[in-house]
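Have a look at the structure below before the remarks.
Quantities reported herein were computed from a predicted structural model and do not represent experimental measurements. By convention here, the first residue in the shown sequence is residue 1.
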Amino acid sequence: MVRVFADIHEVIASQGEHLGYTDWVTIDQEQISLFADATKDHQWIHIDQERAAEGPFGGTIAHGYLTLSMLAHFSQSLISLTEKPTMSINYGLNKVRFLQPVLSGSRIRDGVELSSVQESPKGYLVTTTHTVEIEGQERPALVAEALGLWVP
């Protein structure tokens with residue numbers, strides 16, 4: 001469910017709040033294989049279904065960076081501004097931990113906390129903490145602190 005803020009000042013006032021959870025998204029073999037092609041990372045654990053079935057996870061797994069790249073999709077499905085910035089760009093990551101692999105066919109979702117908003121000469125540096133969960137699993141797939149630069 002998208003949380004709609006009127007403007008950056010409303011976002012600033014919400015620092016420290018949990019913004020909610022995204023819908024579940026299935027990570028299937030086709031997506032994993034396309035990511036392997038895009039990144040040229042064709043390690044067998046990602047694309048060789050027969051070999052991976054006998055490997056340590058019982059099947060192919062998503063690349064950690066594929067799971068991380070889903071933050072772009074998840075972020076836009078959780079937060080929106082009525083008075084939108086001119087530009088919003090990825091500014092980087094402070095911390096990323098891959099805690100558990102995502103098996104092909106698994107469903108994942110993101111829980112997001114608005115950690116901080118700091119004004120800078122270029123705009124507003126928005127820090128969010130993401131916890132990507134795997135349906136039916138106790139441990140999350142990853143936890144990441146992401147930075148976005150919102151230019152007024």
What residues join Ile47 in its hydrophobic cluster, counting side-chain heavy atom gaps under 4.5 Å, either direct or through other members?
none
Is it true that the side chains of His42 and Asp37 contain a donor and an acceptor less than 3.5 Å apart?
yes
I'd like to check Glu135 versus Arg109 (side-chain heavy atoms, cut-off strictly below 4.5 Å). Are they in contact?
no
Please step through side chain to side chain donor-acceptor pair (under 3.5 Å) for the pair His73 and Ser75, ending with a clear verdict.
CA-CA 6 Å; His73 165 74; Ser75 293; over 6 Å; no
Evaluate Gln137 against Gln100 for side-chain contact (heavy atoms from CB on, under 4.5 Å), listing each step before the verdict.
CA-CA 9 Å; Gln137 299 293 315; Gln100 181 168 290; 3.2 Å; yes
Does a side chain donor of either Thr60 or Gln29 reach within less than 3.5 Å of an acceptor in the other side chain?
yes
Is there a donor in the side chain of Thr22 and an acceptor in the side chain of Ser77, or the other way round, less than 3.5 Å apart?
no
Same apolar cluster (I L V M F W Y, side chains within < 4.5 Å links), Trp44/Leu103:
yes
Do you know which two heavy atoms are closest between Ile27 and Ala62, and how far apart they sit?
CG2-CB, 3.9 Å
Leu142 and Arg97: side-chain contact (heavy atoms from CB on, under 4.5 Å), yes or no, with the steps?
CA-CA 5 Å; Leu142 71 83; Arg97 295 293 180 266; over 6 Å; no
Under a plain distance cut-off of 3.5 Å, with no hydrogens placed, do Lys84 and Ser80 share a side-chain donor-acceptor pair?
yes
Under 3.5 Å, is there a donor-acceptor pair between the side chain of His46 and the main chain of Ile61?
yes
Checking Ser14 against Glu10: is there a side-chain donor and acceptor pair closer than 3.5 Å?
no
Polar side-chain atom of Thr26 near backbone of Asp28 as donor-acceptor pair, under 3.5 Å
no
Gln43 versus His63: any side-chain heavy-atom pair under 4.5 Å?
no
When you measure from the side chain of Glu54 to the backbone N and O of Arg51, does any donor-acceptor pair fall under 3.5 Å?
no
What heavy-atom pair brings Pro152 and Thr86 nearest, and what distance separates the two atoms?
O-OG1, 2.7 Å
For Phe98 and Tyr65, take the angle between the two ring planes, folded into 0 to 90°, and tell me which bin it lands in: parallel under 30, tilted 30 to 60, perpendicular over 60.
perpendicular
In this structure, CD1 of Ile45 is separated from OG of Ser104 (nearest 0.5 Å) by 11.5 Å
Any Glu145 side-chain heavy atom under 4.5 Å of Leu93 side chain:
no
The test is salt bridge (charged side-chain N to carboxylate O under 4.0 Å, His left out); show your working for Glu133 and Arg139 and say whether it passes.
CA-CA 7 Å; Glu133 301 175 344; Arg139 288 187 67 187; over 6 Å; no
Cluster membership besides Tyr21, Ile/Leu/Val/Met/Phe/Trp/Tyr side chains within less than 4.5 angstrom, sorted by chain and number, is none
Does any non-hydrogen side-chain atom of Trp150 lie less than 4.5 Å from one of Leu81?
yes
Any side-chain heavy atom of Tyr124 sitting closer than 4.5 Å to one from Gln118?
no
Verdict with supporting geometry, Thr82 and Phe5, side-chain contact (heavy atoms from CB on, under 4.5 Å):
CA-CA 6 Å; Thr82 303; Phe5 294 92; over 6 Å; no
Checking the side chain of Thr127 only, and the main-chain atoms of Leu147 only, is there a donor and an acceptor separated by less than 3.5 Å?
no
When you look at Val11 and Leu114, which way does the side-chain contact (heavy atoms from CB on, under 4.5 Å) test go after all the steps?
CA-CA 8 Å; Val11 175; Leu114 180 59; 3.7 Å; yes
Pro85 to Val151 - nearest heavy-atom pair and separation:
CB-O, 3.2 Å
If you take all heavy atoms of Leu71 and Ala144, which pair is closest and at what distance?
CD1-CB, 4.0 Å
Same apolar cluster: Val117 and Leu149, side chain cutoff 4.5 Å:
no
Which atom pair, heavy atoms only, marks the closest approach of Gln31 to Met70?
NE2-SD, 3.7 Å
Would Leu68 and Val112 show up in the same hydrophobic cluster when neighbours are defined by side-chain heavy atoms closer than 4.5 Å?
no
Interatomic distance, Asp23 atom CG to Arg107 atom CZ [nearest 0.5 angstrom]:
9.0 Å
Starting from Val96, can I reach Ile108 by hopping between I/L/V/M/F/W/Y residues whose side chains sit under 4.5 Å apart?
yes
Going hydrophobic residue to hydrophobic residue with side-chain gaps under 4.5 angstrom, can you get from Val2 over to Phe74?
no
Do Pro140 and Val132 have side-chain heavy atoms sitting under 4.5 Å apart?
no
